[in-house]
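Down below is the structure, laid out as structure tokens.
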Amino acid sequence: MTELERKRDRAPVPAGWDYAPAPESRDVVSIEERYGLFIGGEFVEPRSGEHFTTISPAYEEPLAEIAHAGPEDVDHAVTAARDAYENGWSKLLPSERAKYLYRIARILQERAREFAVLESLNGGKPIKESRDVDLPLAAAHFFYYAGWADKLEYAFPHRRPRPIGVAGQIIPWNFPLLMLSWKIAPALAAGNTVVLKPAETTPLTALLFCDVVRQAELPPGVVNIVTGDGRTGAELVKHPGVDKIAFTGSTEVGKAIQRELAGTGKKLTLELGGKAANIVFDDCALDQTVEGIVNGIYFNQGHVCCAGSRLFVQESIAEPLIAKLKRRMTTLRVGDPLDKNTDVGAINSQMQLDKIRELVASGEEEGAEIYQPPCKLPEKGYYFVPTVFTNVAQSYRIAQEEIFGPVLSVLTFRTPEEAVEKANNTPYGLSAGVWTEKGSRILWMAQQLKAGVIWANTFNRFDPTSPFGGYKESGFGREGGLHGLEPYLEFEGGEAFGG
Ligand code: NAI
Ligand code: MG
């Protein structure tokens with residue numbers, strides 16, 4: 001890099017680049033004042049008699065009253081799912097099952113704008129992400145698994161795959177509709193029925209999905225949605241009528257679920273936290289890498305289990321790379337999720353904002369150097385400025401714990417061996433990134449890194465055909481691809497992929 005280039009990268013971004021507001025219209029969504037539980041193909045009042053308010057984190061504005069499902073409600077939903085399983089769905093011609101899934105996929109595409117706006121309203125993510133990432137991928141998962149529904153015998157030859165029954169599915173708030181799709185599409189394709197519990201802060205797109213289920217004329221009880229908090233989730237986990245639990249969320253709750261299910265014979269898959277290493281070698285394409293780093297940690301406000309939250313930079317390029325990164329951060333637009341120019345939207349909840357603040361304070365206390373670009377945050381709503389920490393030691397909390405926010409910790413290394421050792425020094429193992437022009441080094445690194453997904457010269461790239469999941473405390477089981485069907489099937493002579 002020449003001195004001139006260095007100077008250019010340090011120069012501030014010209015001031016006065018104001019963007020006119022480009023708000024996406026909210027008119028396309030209509031939100032009910034109050035929602036029941038979706039059981040047996042219709043909305044019913046919760047037997048618990050309890051409701052809670054869901055808000056928009058960007059405006060701190062109440063959006064709707066949501067039912068809180070109690071034990072009786074969960075039992076009601078599991079019974080409806082069991083009935084639907086026994087009386088039709090599991091015996092339906094697989095090619096007929098496929099038709100329903102294709103129909104759901106197409107309706108999601110048709111109603112994509114409505115879903116995208118609602119997702120951003122309820123969860124705080126930028127509209128450009130819900131529109132260009134969450135919705136297309138959600139539809140793609142239904143299309144993909146629709147294709148397997150009548151080909152299971154070919155997917156798992158000589159194994160005689162059959163459905164397992166009722167699946168209980170618990171999802172988090174970072175990708176509400178997408179996580180719903182990851183869970184529901186393979187479960188139905190395999191011939192199961194489901195009871196799904198959305199996260200308490202983001203129930204609205206799951207409730208709108210009930211409308212899609214009706215529009216697709218899916219038989220009643222095949223998909224049931226029970227809203228509520230962790231207590232509702234816990235009821236679903238321990239219900240004896242559930243044959244399989246699929247959970248995505250915190251490692252803490254994942255461990256509790258595993259303890260609860262030990263010895264019950266229920267199947268379980270867990271997709272938990274992460275502290276991914278994004279590893280940058282001195283021969284990388286610098287500008288492209290900076291884009292990848294930004295995408296890796298500031299996408300979806302960093303509320304991403306596979307976020308590239310630990311950046312490992314080869315010492316010889318640390319200085320120019322960090323200069324470029326900081327400069328790029330000054331161009332990130334933080335604010336209203338419904339503005340089409342917004343890059344970083346609202347933090348999902350007050351609770352999550354508190355957690356981010358606490359960990360950032362610990363980073364400063366432990367001695368890391370903080371950088372935040374100048375940035376004016378909206379007065380109302382939960383926001384956090386994109387942050388990078390340099391001078392980070394491996395022992396610091398910000399290098400160890402999942403922050404789940406727009407906060408990057410930068411560490412350095414000299415040799416590939418050192419990079420591997422540091423990258424693997426974590427209880428997690430969900431994802432990793434490698435940036436280098438050398439193909440052989442990419443392959444070598446991919447063999448050494450203990451992570452379920454490894455991206456080379458890209459990050460956060462998803463595809464329904466590709467399995468996703470973790471090692472160690474990031475969980476077990478895979479979602480996506482053929483591997484993602486396996487947990488929803490039983491086989492003659494044991495599991496298809498083992499474990
Ligand atoms: P959480 O694990 O408590 O919540 C995830 C889902 O599990 C929600 O639907 C929740 O209602 C449900 N749940 C909570 N307690 C349960 C229980 N005992 N039994 C069954 N279901 C239960 O995660 P939370 O509290 O929202 O976030 C805490 C931290 O977890 C985040 O800061 C982040 O670090 C991590 N996280 C990781 C996610 C991932 O994608 N791997 C997603 C969400 C959070
Ligand atoms: Mg929790």
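We count ligands from 1, going down the list as the structure has it; atoms in each ligand are counted the same way. Please read all numbers here as calculations on a predicted model, not as lab measurements.
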Please report, to 0.1 Å, the donor-acceptor pairs under 3.5 Å made by any side chain of residues 220-234, with sequence neighbours excluded.
{"from": "Asn224", "atom 1": "OD1", "to": "Gly40", "atom 2": "N", "distance (Å)": "2.9"}
{"from": "Asn224", "atom 1": "ND2", "to": "Val194", "atom 2": "O", "distance (Å)": "3.1"}
{"from": "Asn224", "atom 1": "ND2", "to": "Gly221", "atom 2": "O", "distance (Å)": "2.8"}
{"from": "Thr227", "atom 1": "OG1", "to": "Ala67", "atom 2": "O", "distance (Å)": "2.6"}
{"from": "Asp229", "atom 1": "OD1", "to": "His68", "atom 2": "NE2", "distance (Å)": "2.9"}
{"from": "Asp229", "atom 1": "OD1", "to": "Arg231", "atom 2": "N", "distance (Å)": "2.9"}
{"from": "Asp229", "atom 1": "OD1", "to": "Arg231", "atom 2": "NE", "distance (Å)": "3.2"}
{"from": "Asp229", "atom 1": "OD2", "to": "Arg231", "atom 2": "NE", "distance (Å)": "3.3"}
{"from": "Asp229", "atom 1": "OD2", "to": "Arg231", "atom 2": "NH2", "distance (Å)": "2.9"}
{"from": "Arg231", "atom 1": "NH2", "to": "His68", "atom 2": "NE2", "distance (Å)": "3.3"}
{"from": "Thr232", "atom 1": "OG1", "to": "Ala69", "atom 2": "O", "distance (Å)": "2.9"}

Would you mind writing out the side-chain donor-acceptor pairs for residues 172-190 within the sub-3.5 Å range, not counting sequence neighbours?
{"from": "Asn174", "atom 1": "ND2", "to": "His303", "atom 2": "O", "distance (Å)": "3.2"}
{"from": "Ser181", "atom 1": "OG", "to": "Leu177", "atom 2": "O", "distance (Å)": "2.9"}
{"from": "Trp182", "atom 1": "NE1", "to": "His141", "atom 2": "NE2", "distance (Å)": "3.3"}
{"from": "Lys183", "atom 1": "NZ", "to": "Thr248", "atom 2": "OG1", "distance (Å)": "2.7"}
{"from": "Lys183", "atom 1": "NZ", "to": "Glu479", "atom 2": "OE1", "distance (Å)": "3.3"}
{"from": "Lys183", "atom 1": "NZ", "to": "Glu479", "atom 2": "OE2", "distance (Å)": "2.7"}

Distances for all N or O pairs of ligand 1 and the protein under 3.5 Å?
{"from": "ligand 1", "atom 1": "2 (O)", "to": "Ser250", "atom 2": "N", "distance (Å)": "2.8"}
{"from": "ligand 1", "atom 1": "2 (O)", "to": "Ser250", "atom 2": "OG", "distance (Å)": "2.6"}
{"from": "ligand 1", "atom 1": "9 (O)", "to": "Ile171", "atom 2": "O", "distance (Å)": "2.8"}
{"from": "ligand 1", "atom 1": "9 (O)", "to": "Lys197", "atom 2": "NZ", "distance (Å)": "3.0"}
{"from": "ligand 1", "atom 1": "11 (O)", "to": "Lys197", "atom 2": "NZ", "distance (Å)": "2.8"}
{"from": "ligand 1", "atom 1": "11 (O)", "to": "Glu200", "atom 2": "OE1", "distance (Å)": "2.7"}
{"from": "ligand 1", "atom 1": "11 (O)", "to": "Gly230", "atom 2": "N", "distance (Å)": "3.4"}
{"from": "ligand 1", "atom 1": "19 (N)", "to": "Ala234", "atom 2": "N", "distance (Å)": "3.4"}
{"from": "ligand 1", "atom 1": "26 (O)", "to": "Trp173", "atom 2": "NE1", "distance (Å)": "2.6"}
{"from": "ligand 1", "atom 1": "32 (O)", "to": "Gln352", "atom 2": "OE1", "distance (Å)": "2.8"}
{"from": "ligand 1", "atom 1": "32 (O)", "to": "Gln352", "atom 2": "NE2", "distance (Å)": "3.2"}
{"from": "ligand 1", "atom 1": "32 (O)", "to": "Lys355", "atom 2": "NZ", "distance (Å)": "2.7"}
{"from": "ligand 1", "atom 1": "34 (O)", "to": "Lys355", "atom 2": "NZ", "distance (Å)": "2.8"}
{"from": "ligand 1", "atom 1": "34 (O)", "to": "Glu402", "atom 2": "OE1", "distance (Å)": "2.7"}
{"from": "ligand 1", "atom 1": "40 (O)", "to": "Asn174", "atom 2": "ND2", "distance (Å)": "3.4"}
{"from": "ligand 1", "atom 1": "41 (N)", "to": "Gly249", "atom 2": "O", "distance (Å)": "3.3"}
{"from": "ligand 1", "atom 1": "41 (N)", "to": "Leu272", "atom 2": "O", "distance (Å)": "2.8"}

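In Gln215, the CD atom is crowded: over 12 heavy atoms of neighbouring residues, nucleotides or ligands sit closer than 6.0 Å.
Phe142 pairs by the ring-ring contact (aromatic ring centres under 6.0 Å, His included) definition with Phe209, not counting sequence neighbours.
Between Phe413 and Phe312, the distance separating the two ring centers is not shorter than 6.0 angstrom. In this structure, Trp89 has its ring center no closer than 6.0 Å to that of Tyr85.
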